[in-house]
Amino acid sequence: MTVSTWLTFFLASWAISFSPGAGAISAMSSGLKYGFARGYWNTVGLISGILFQFVVVGVGLGAVLATSELAFACVKYLGVAYLIYLGWRQFRTDAAPVAVDTGNPAHVSVRALVLRGFLVNASNPKGTVFLLAVVPQFIDPAHALTPQYAAIGGTLAFTDLVAMAVYTLLAARVLRLLRSPRHIRWMNRVFGSLFIAAGLFLATFRRAN
């Protein structure tokens, strides 16, 4: 991969990472509820999910999902169900104020936060099809593929780490201003609705023929 090709992908990666989607909603929800330091563990899961999707594309399963209606539908509706489940849980979260910097902000474990982020991205077939469409544009088949895949995967992971940090931090800062149960309840309902909307939007996603 030439430097100019990598720079082009690097610039495109920022747009990809900052584009609103289930990952951004998940990062903001975690930052709002758990604060930045704890909520950012959700991003570790999101990045793991992105890299899982990337490996799926790299080994060819992406091609299967792109050509098999059944495989695509199964993965898609698993993702839809999970996002709606997250939304319903968030919507019904009780409104007790949550500390950001001091004390224990939540009883949820780091493992649960990482798993939650992983499932949000790993179960999204739109990401698989998107990567399948984008990644080949920057690959030179005349050269070794592994270093090129490593460069692209590493670049995506880096820009996503930064973008999700921004989303998580913004939400955590907002949390400082929302101390009353009424405010927290309102924000939980907003984020729960966004998760559900993301799931419903994913349900409408169709492959390009």
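Side-chain atoms are counted along with the backbone in the values below, which use heavy atoms only and exclude waters and symmetry mates.
Using a 4.5 Å heavy-atom cutoff, the side chains of Ser29 and Arg116 are in contact. Annotation: side chain of Leu170 is not in contact with side chain of Met28 (no heavy-atom distance under 4.5 Å).
Going from atom CE of Met164 over to atom CD1 of Ile50 covers 8.5 Å, rounded to the nearest 0.5 Å. The CZ atom of Arg38 lies 7.0 Å from the OG atom of Ser109; values are rounded to the nearest 0.5 Å. To the nearest 0.5 Å, atom CG of residue Leu115 and atom CG of residue Leu119 are 4.5 Å apart. Put simply, CD1 on Ile84 and CD1 on Ile196 are 7.0 Å apart, with the number rounded to the nearest 0.5 Å.
Qualifying ring pair (Phe, Tyr, Trp, His ring centres under 6.0 Å) partners for Phe52, counting only residues two or more places apart in sequence or in other chains: Phe118. Annotation: side-chain hydrogen bond (donor to acceptor under 3.5 Å, both in side chains) contacts of Thr146 (sequence neighbours excluded): none. Considering only residues two or more places apart in sequence or on other chains, Trp88 meets the side-chain hydrogen bond (donor to acceptor under 3.5 Å, both in side chains) condition with none of them. When the ring pair (Phe, Tyr, Trp, His ring centres under 6.0 Å) test is applied to Phe91, no partner is found at least two apart in sequence or on another chain. For Arg89, the side-chain hydrogen bond (donor to acceptor under 3.5 Å, both in side chains) partners are Tyr85, not counting sequence neighbours. Partners of Ser193 according to the side-chain hydrogen bond (donor to acceptor under 3.5 Å, both in side chains) rule, which considers only residues two or more places apart in sequence or in another chain, do not exist here. With sequence neighbours excluded, no residue satisfies side chain to side chain contact (heavy atoms under 4.5 Å, CB included) with Ala150.
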With a 3.5 Å cut-off and sequence neighbours excluded, list the donor-acceptor pairs that the side chains of residues 6-15 form with protein atoms.
residue: Trp6; atom: NE1; partner: Thr155; partner atom: OG1; Å: 2.8
residue: Thr8; atom: OG1; partner: Ser4; partner atom: O; Å: 2.9
residue: Ser13; atom: OG; partner: Phe9; partner atom: O; Å: 2.8

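Across every non-hydrogen atom of Gly39 and Ser30, the tightest pair is O-CB, 3.6 Å. Residue Ala157 comes nearest to Leu51 through the heavy atom pair CB-CD2, 4.3 Å, listed as atom of the first residue, atom of the second, then distance.
A donor-acceptor pair is defined here as one N or O able to donate and one able to accept, closer than 3.5 Å; such a pair exists between the side chain of Tyr167 and the backbone of Phe18. With Asn121 contributing its side chain and Leu46 its backbone, the two residues share a donor-acceptor pair below 3.5 Å.
Sorted by first and then second residue, the side chain to side chain donor-acceptor pair (under 3.5 Å) pairs with a member in residues 39-49 read Ser26-Asn42; sequence neighbours excluded.
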